[in-house]
Amino acid sequence: GENVEQHPSTLSVQEGDSAVIKCTYSDSASNYFPWYKQELGKGPQLIIDIRSNVGEKKDQRIAVTLNKTAKHFSLHITETQPEDSAVYFCAATLRWNYQLIWGAGTKLIIKP
Amino acid sequence: DTEVTQTPKHLVMGMTNKKSLKCEQHMGHRAMYWYKQKAKKPPELMFVYSYEKLSINESVPSRFSPECPNSSLLNLHLHALQPEDSALYLCASSQDRASGRMGTDTQYFGPGTRLTVL
């Protein structure tokens, strides 16, 4: 079945610097890749997503890139701010099965 | 508006109690989900309702009983739970899950119910 690996498990960056989180997936039939941000005590919040017919998508300070050949996708956050501190999850879904397969999560720490 | 609401926010119950978790969305979504999330782990899928019919049950113990009274509401009835069932229970919804139309499978999550079983 589909498997999603996410790295790193913890990422600490200086405020104002960029952060990159990477995920790889195993099934080439995966076609939808959302990223969720989860703050302590809250539910996951969709922050950006990308589909297999697109290579890159941006929304202000957040961008996601997809490399279908290598089967990996990445989250890029620029000009990090304290409110970016949270756990970030990547996920993938198969074309015919709309269940989310989750990465293990990355705890992002923004140092002042 | 992409809001999913859940009540209660916190719940403490004994192993012999019966309680229910509630979830509501008014986005016109026709697919609704229950997830269980343990600390420092991603959410685990429990149940999926599509057009008010149970379409997926991920081998969840019978002490968890889902119910979808209408297209906006989703309940999770709890009975005779164990301490290891303590977790954050998340509800999510998506526009659809069977049509294959692009964008209809995006899932939006509620804030969760923090359940503690004593």
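All values derive from a computational prediction rather than experimental measurement. Below, chains carry the letters A, B, ... as their sequence lines are ordered, and counting in each starts from 1. What's counted below: heavy atoms across the whole structure, side chains too, no hydrogens, waters or symmetry copies.
Per-residue counts of heavy-atom pairs under 4.5 Å with chain B were compared for A:Gln45, A:Gln38, A:Gln6; the largest is that of A:Gln38. Chain B forms more heavy-atom pairs under 4.5 Å with one residue of A:Ser9, A:Gly41, A:Gly43 than with any other, namely A:Gly43. When B:Gln37, B:Arg114, B:Glu44 are compared by the number of non-hydrogen pairs under 4.5 Å with chain A, B:Gln37 comes out ahead.
Between the CZ atom in B:Arg30 and the OG atom in B:Ser72 there is a gap of 8.5 Å [rounded to 0.5 Å]. The CG atom of A:Asn67 lies 11.0 Å from the NZ atom of A:Lys22; values are rounded to the nearest 0.5 Å. Rounding to the nearest 0.5 Å gives a distance of 4.5 Å between NE2 of B:His77 and OG of B:Ser20. In this structure, OG on B:Ser55 lies 8.0 Å from OH on B:Tyr33, to the nearest 0.5 angstrom. The distance from atom CG of B:Leu74 to atom CD of B:Glu52, rounded to the nearest 0.5 Å, is 10.5 Å.
Ring orientation note: the planes of B:Tyr35 and B:Phe109 are tilted relative to one another, at an angle of 30° to 60°.
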- Item | Check against ring-ring contact (aromatic ring centres under 6.0 Å, His included), A:Tyr25 and A:Phe33 | CA-CA 10 Å; A:Tyr25 59 98; A:Phe33 307 92; 4.8 Å; yes
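Residues from residues 102-111 of chain A that place a non-hydrogen atom less than 4.5 Å from a non-hydrogen atom of chain B comprise A:Trp102, A:Gly103, A:Ala104, given in numerical order.
When heavy atoms are compared at a cutoff of 4.5 Å, A:Pro44 approaches chain B by way of both its backbone and its side chain.
A:Asp27 has no carboxylate O lying under 4.0 Å from a charged side-chain N of A:Lys71, or vice versa, which leaves the two without a salt bridge.
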